[in-house]
Amino acid sequence: MPEIPVELYEKLKEILGNRMKTEEDFLEKYSRDETAELQGSKPGVVLFPISTEEVSQIIRLANEYMIPVTPRGAGTGLSGGAIPTPGGIVLSLEKMNKLIEFDEANLMITVEPGMITSEIQKIAEKYNLIYAGDPCSSESSTIGGNIAENAGGNKVLKYGPTGAHVYGLEVVLPTGEVTSFGGKMVKNVTGLDFVHLLVGSEGTLGIVTKITLRLMPKPRYSVALLAPFESVDAAISAVPALIKDAGVMPSSLEFMDNPSIKLACDFLNVSFPYSEAGAHLILEIEGNDKEAVADEYEKLGDICQREGALEVFVADNRNTREKLWKVRKAIAEALMVYSPVHCMEDVSVPTANIPALLKGARQIAKAHDLGTIAFGHAGDGNVHITFIKGKSSIEHWNTHLKTALANLYELTKNLGGCISGEHGIGLKRKKYLPIAVDQAQIDLIKGIKRVFDPNNILNPGKIIDV
Ligand SMILES: Cc1cc2nc3c(=O)[nH]c(=O)nc-3n(C[C@H](O)[C@H](O)[C@H](O)COP(=O)(O)OP(=O)(O)OC[C@H]3O[C@@H](n4cnc5c(N)ncnc54)[C@H](O)[C@@H]3O)c2cc1C
């Protein structure tokens, strides 16, 4: 366990003044993220820089004294990425949260990494534009954290994950050097695509200090459909049919099984149509032509009914749409409150294999006598299969969870999928990575890490051990 020498504390204090914290309550608060099944570990100090120059100075000192640094956004991560090395430095980007430039002519916005995602969405809205990144944690997560995890969310089906909107990054490299990748160019094949190497690198290859994102014109019309189904199987079987047969690309196609809806409704103290149905789908369609949007949602509604939907509700105003989304977005938070001992997964498979994934996951839970619920971004093949301790003992949970996870990851791989679609590997899935990628790829990840971070001081022990 690293120990920060007094001399280093003094040098950090000189740079940061009272934005350096060593009080117990800070160390405790910054010891973990939202990954339910991982223990935290206390850092030796928490730092709140306000400029790229300060970040660079901190990283240079960390190299000199060989003390590990863990970058941190809002700590909403679900793979343990922001859990610090015990005794090391937590570098919180929370105070670097400003708008740097809104460039209407180029439809680009440049912000600091600590800006909360929904703030970016709100700024874009003011100009009749959208920022299309939309994780369910948008009200609390930071854009820096979204980039580090390549966060997905509810609109990936049409607009792609966070990385699809990132055009330029200013980065403090693990050596302390500052560089900029990309820019405002829509096309760029000059050198390697470092922007998208940094996206999803989980804070292991650099600290993102400035971000340029592309915005898009706001579609004039949005309509959401809610389709309850008798059973999970009926709802999930409709997903590939909706993608294949409608000739329409919805911006969202979300799935919630009955226990997920009950959890979220209890948490929010609201009711939901057909609350006893086995599962619900939410679809959202966006466009500029009212009649074309109506035509598209009718097509999707017809397919839902053909596939056995008990009803198709149309939410064509902002108020009703927001009510639906509130329930969908509350599921993860409700889980943390009502079922704190759980393990939320984010495996991802080709959409046509979604029914097989859910069937197999239920069999795995049954074989290990664990509870399970499922919800998520079914339209892009990414479902939050969640194992729950339920009434079993904690010993049973601890013994069976590891094997159940390995079984789930094997199943996903056999279905042509991957073990994490949006939450990342971090600490949580590190030991399972060899199930998903071969040795050649693990060696490449290690080699890239060594080139960027020769002293292995930036978020060490995440994704792989070097
Ligand atoms: C209720 C809830 C709902 C969620 N819904 C979704 C969802 O729909 N889709 C989804 O993808 N995720 C979701 N998540 C997971 C989480 O919100 C995302 O992974 C998010 O991107 C993390 O952002 P953060 O600011 O909290 O980052 P943190 O948790 O603080 O950090 C995450 C990782 O990013 C690194 N990092 C942070 N800032 C920087 C930076 N500036 N430079 C370099 N590295 C950095 C950290 O070291 C760490 O490895 C959800 C989480 C919760 C609790």
Side-chain angles (χ1 to χ4, degrees), residues 29-43 46-47 55 59 62 68-86 88-94 96 113-114 116-117 133 135-138 140-153 161-163 166 169 171-172 174 196-209 211 332 336 343-348 382 384 405 418-433 436-437 442 445-446 448-449 452-453 456-466:
K29 182 171 168 209
Y30 286 82
S31 68
R32 58 190 325 270
D33 63 5
E34 293 285 349
T35 318
E37 69 280 22
L38 291 184
Q39 302 284 330
S41 64
K42 268 195 230 165
V46 185
L47 307 176
V55 174
I59 297 298
V69 178
T70 301
R72 182 182 173 102
T76 66
L78 293 172
S79 55
I83 296 180
T85 308
I89 295 172
V90 166
L91 195 153
S92 165
L93 282 308
E94 281 164 284
M96 290 179 65
I116 300 294
T117 316
C136 287
S137 54
S138 61
S140 48
S141 64
T142 66
I143 187 67
N146 292 173
I147 285 169
E149 299 293 358
N150 197 12
T162 301
V166 182
L169 293 176
V171 176
V172 176
H196 294 101
L197 180 59
L198 263 289
V199 169
S201 64
E202 306 192 21
T204 64
L205 300 183
I207 300 177
V208 174
T209 46
I211 298 141
M336 286 164 198
C343 176
M344 191 202 298
E345 290 307 303
D346 70 314
V347 291
S348 187
N382 180 215
H384 298 309
L405 279 179
C418 61
I419 68 175
S420 175
E422 56 177 24
H423 295 163
I425 300 300
L427 277 181
K428 173 173 160 153
R429 301 186 179 85
K430 185 169 64 170
K431 68 169 175 288
Y432 301 102
L433 191 61
V437 300
I442 289 180
I445 299 173
K446 287 186 181 177
I448 290 167
K449 172 70 174 164
F452 272 74
D453 187 6
N456 195 25
I457 57 130
L458 193 63
N459 218 2
K462 309 294 162 60
I463 310 178
I464 36 106
D465 285 314
V466 176

Hey, what do you get for [atom1] ([X]) to [atom2] ([Y]), rounding to the nearest 0.5 Å?
{"X": "Ser141", "Y": "Ile116", "atom1": "OG", "atom2": "CD1", "result": "7.0 Å"}
{"X": "Ile211", "Y": "Thr142", "atom1": "CD1", "atom2": "OG1", "result": "7.5 Å"}
{"X": "Glu202", "Y": "Ile464", "atom1": "CD", "atom2": "CD1", "result": "10.5 Å"}
{"X": "Leu458", "Y": "Ser201", "atom1": "CG", "atom2": "OG", "result": "8.5 Å"}
{"X": "Glu149", "Y": "Ile147", "atom1": "CD", "atom2": "CD1", "result": "11.5 Å"}
{"X": "Asp33", "Y": "Lys428", "atom1": "CG", "atom2": "NZ", "result": "10.0 Å"}

Do any N or O atoms from the side chain of [X] and from the backbone of [Y] form a donor-acceptor pair under 3.5 angstrom?
{"X": "Asn146", "Y": "Ala151", "value": "no"}
{"X": "Ser137", "Y": "Ser140", "value": "no"}
{"X": "Asn459", "Y": "Val69", "value": "no"}
{"X": "Arg429", "Y": "Gly424", "value": "yes"}
{"X": "Glu345", "Y": "Leu405", "value": "no"}
{"X": "Lys462", "Y": "Thr204", "value": "no"}

Between Met96 and Val55, is a side-chain contact (heavy atoms from CB on, under 4.5 Å) present by the stated rule, with each step listed?
CA-CA 10 Å; Met96 290 179 65; Val55 174; 4.0 Å; yes
Is the number of heavy atoms from other residues, nucleotides or ligands within 6.0 Å of NZ (Lys430) greater than 12?
yes
Using side-chain hydrogen bond (donor to acceptor under 3.5 Å, both in side chains) as the criterion, list what pairs up with Thr209, not counting sequence neighbours.
Glu170
Distance-only donor-acceptor check, side chains Thr162 and Asn150, under 3.5 Å
no
State, with a plain yes or no, whether a side-chain heavy atom of [X] is found less than 4.5 Å away from one of [Y].
{"X": "Pro174", "Y": "Lys449", "result": "no"}
{"X": "Phe452", "Y": "Leu197", "result": "yes"}
{"X": "Glu422", "Y": "His384", "result": "yes"}
{"X": "Pro135", "Y": "Thr117", "result": "yes"}

What side-chain donor-acceptor pairs closer than 3.5 Å can you find for residues 76-86, not counting sequence neighbours?
unit_1, atom_1, unit_2, atom_2, d
Ser79, OG, His423, O, 2.8

Scanning both residues in full, the closest heavy-atom pair of Pro68 with Pro460 reads CB-CG, 3.7 Å
Quick one, Ile59 with Ile457, criterion side-chain contact (heavy atoms from CB on, under 4.5 Å). Give me CA distance, side-chain angles, the key distance, then yes/no.
CA-CA 9 Å; Ile59 297 298; Ile457 57 130; 4.3 Å; yes
